[in-house]
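Below: one structure in structure tokens.
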Protein chains: 2
Amino acid sequence: MVISAVRRSGQEPSRTEITAITGLSHSTISAISSDLIAEGILREGRSEPTASKRGRPQVGLQLDPGAAAVLTVVLSLNLLTAAAIDYAGNILAEETRRLDTLSLPREALIRECVDMVRRRLDDRSLAEHRVLRIAFAVQGTADSQARTMLWTPITPHGDIPFADILEKAFGIPVIVENDCNMMAVALRWRGTDRYRDDFIAVLLSHGIGMGIVLNGELFIGTQSSGGEFGHMIHKPKGARCRCGRHGCVEAYAGNYAIWRNAHGLDENTEPAADIPDDEMLSLAGKARAGAGPERDAYEQAGSALGYSLGSLFSVIDPAPVTFVGIGATAFDLIEPALRRAIAETAGGQYSDSIVFATEPKEQILIREGCAMRALTFIDQEIFALGSPAALALQES
Amino acid sequence: MVISAVRRSGQEPSRTEITAITGLSHSTISAISSDLIAEGILREGRSEPTASKRGRPQVGLQLDPGAAAVLTVVLSLNLLTAAAIDYAGNILAEETRRLDTLSLPREALIRECVDMVRRRLDDRSLAEHRVLRIAFAVQGTADSQARTMLWTPITPHGDIPFADILEKAFGIPVIVENDCNMMAVALRWRGTDRYRDDFIAVLLSHGIGMGIVLNGELFIGTQSSGGEFGHMIHKPKGARCRCGRHGCVEAYAGNYAIWRNAHGLDENTEPAADIPDDEMLSLAGKARAGAGPERDAYEQAGSALGYSLGSLFSVIDPAPVTFVGIGATAFDLIEPALRRAIAETAGGQYSDSIVFATEPKEQILIREGCAMRALTFIDQEIFALGSPAALALQES
DNA sequence: CATCATTATTTCGCGCTTCGAAAAAAATAA
DNA sequence: TTATTTTTTTCGAAGCGCGAAATAATGATG
């Protein structure tokens, strides 16, 4: 609770502030924080300039950046990124590589990931840190134990046990997570009221994904993490989707679907492999310029998203939605049809009051979410277990 | 934990068995159970006939039926039922009344409910029990604090704060819950493996409802309890639903929808108010006899249910589904189309392995769920708080 | 029928965690 | 300086759960 209070409050909370946050007593906080400082997990901040009031000044506590480090790896369509993050959440180093994920053989794809992790681990930016955890985010589904990538649209190869592979190679615990879940985790760490208890992050990109936070916790399905909102059925036997099925939301609202409709192609045309961001921006520009197939395409996307969100809302109730990714830059084109559709659904009863927000860059969010996921794991599963475990680590 | 262990294990567990269930030590269980016996919450069972092994025989512990009592009230289309249940879960008395809920004015409906509760409370079956809780189940949605019935298809009147009304009238805490959620709770108390962690109960009746258990806990939306699965959109701008919207699942799979399609009526025909069970049974009989509009109607119902379940599964992942109510008796007619539809969805990837079960009587399940809901509340919020609260009650 | 073996339950003291109250520390205000 | 204010630490005490040992209640055995 103490570590979590310090990490949450982006500031440097004093012991007294921590008692207020946690509800524990002064004595308890005093004892625990002195232990944590002795173990090298927390340290006293030297920021003095708090507007000097009367009385003994508060001493801010901060996470000791050197207590540990984590590695984040993000694998998405044609892009692999890794970053080293210290215990306080600062980026120590990062690296990005473009790959042709769709055509890369299974083994080569795995090798690219392993090699990048090795380079990051060997890098001297990590010389003074113990890396205690690797968080691996993929577009697609992971199993609910966060060990295996089950399925992804970015490569035809499925069921890759990235956690086992990386753990065997480097001896560091690994979690495999869905990219949109990590977006949601990152938003939650923004700490604003909007992202406290219930909200939804929707990725509008080549594909459509979703991360859901309910009751302040990431909502995970029964078998896999990373529900496939993009593949809810919008129209039975409808447009052809990248996944091989028909009528999915993505087949109306993914980049390739908008592109396909904007070019007047049949809805069963094979989905394009990848569409550059600037091409999507130019489509949106044309749609804004006046009526035409481009504008209609965005309207169809909005309608599909609206009906599906509404259907989802009829089961989980409405929640604020944040659209993330290149598609979010065209939200002005999507919103009217989306609101019209959602108003026709049971979940849309209060459709006027549903608030939407946009966030154009998904990569940064995903990395941030991975980092926080891995760091909070260390907080709770390693450092919180008390001196025995912490000491054992200290020794090693 | 001890009370819960005794309630869960339908048997009379011995102290030693409770240590195994809870994972606590012998000493702790011994101390706690002697306290609970002293407080009149548990008692030692007198069942001796356990196949006599060597060693000191186990003494079974059971819930003391006289420790408390609860009242369950179930309000559904044209039917109001109440029952008094003792602390061990036995039915002490029950009462059922037929009402014309659709035409009854708001105040009269409320009066019917209050009067029935009064009659049950005054009944001499409760002479020796303290009623500590009333659980009120309605078809429709309740707010997530379980205090108000927000909306229901059984009467045009919404936003009835049944919890406040009954608490004011009788001074006993009240919870208002969705009927399908209570079905799910009841199934969970069956204790079988099938209903442990993740499963779904679907009510196939005049309307369509759903109760979801995920990770062993009832899944509740952000604002209301009782998600409206029946009003997920199956076909945008499709068949007319009882709720006034178009294309809901219910407008294809509810009793009135099957009846409407079986009679070859237009899908925008106004939904019938209520269809007797024997009429539905005869429809199913005709459908089994041979091809025709009746069989097609059930097929359409299956298809609508399949696509919607599949869409839901693409977000929460597949789980075993139990169909409850009169519609479940015709599941043989529904299943083929349902499986075909679900296989076309992302959630249906492993559609062959999804297991379905049926349970024809919903009323019994709903009452059972209410009772367990109310009783576990007493266990956790009153009796578990230790002697102070329990003593105060003992005195009163 | 006394004794042994076996299993269930209780008793007893210990360690851990948290708490409240009081003390100590560190600053400003007078 | 001294008083005041606020933060932090110290010091028993209470509550909870545990392990080990003691006690209880039975069937098996000679």
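Numbered from 1 within each chain, the chains take letters A, B, ... in sequence-line order.
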### Task
Write down the atom of A:A5, the atom of A:I21, and the distance for their closest heavy-atom approach.
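Reported closest heavy-atom pair: CB-CG2, 4.0 Å.
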### Message
Quick check with a 6.0 Å cut-off and a 45 degree axis cone: is A:R373 positioned over the face of A:W189's six-membered ring?
### Response
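Not flagged: A:R373 not positioned over aromatic ring of A:W189.
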### Query
B:D198 side chain to B:N215 main-chain N or O, any donor-acceptor pair under 3.5 Å?
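Yes, the answer is positive, given that a donor and an acceptor are paired below the 3.5 Å cut-off.
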### Message
Does a side-chain N or O of B:S25 approach OP1 or OP2 of D:dC18 to a distance below 4.0 Å, or not?
### Response
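Answer is yes, contact under 4.0 Å.
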### Task
Can you tell me the distance, in whole Å, between the CG atom of A:D35 and the P atom of C:dT18?
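For the pair A:D35 CG and C:dT18 P, the rounded distance is 11 Å.
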### Query
What string of B, S and - do you get for nucleotides 1-10 of chain D, 5' to 3', if B is base contact, S is sugar-phosphate-only contact and - is no contact with any protein heavy atom under 4.0 Å?
---BBBBBBB
### Message
Rounded to whole Å, please give me the gap between CD1 in A:I18 and P in C:dC19.
### Response
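After rounding, the reported distance stands at 14 Å.
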### Message
Centroid separation under 6.0 Å, is that true for the rings of A:Y87 and A:F383?
### Response
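When the ring centroids of A:F383 and A:Y87 are compared, they turn out to be within the sub-6.0 Å range.
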### Query
Within 45° of the axis and under 6.0 Å from the centre of the six-membered ring of B:Y195, does NZ or CZ of B:R190 qualify?
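Ring-cation test returns no.
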### Message
I'd like to know if the side chain of B:T16 pairs up with that of B:T19 as donor and acceptor (distance under 3.5 Å, no hydrogens or angles considered).
### Response
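No, no side-chain donor-acceptor pair sits under 3.5 Å.
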### Query
Could you give the CE-to-C1' distance, from A:M1 to C:dC19, as a whole number of Å?
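About 14 Å, once rounded to whole Å.
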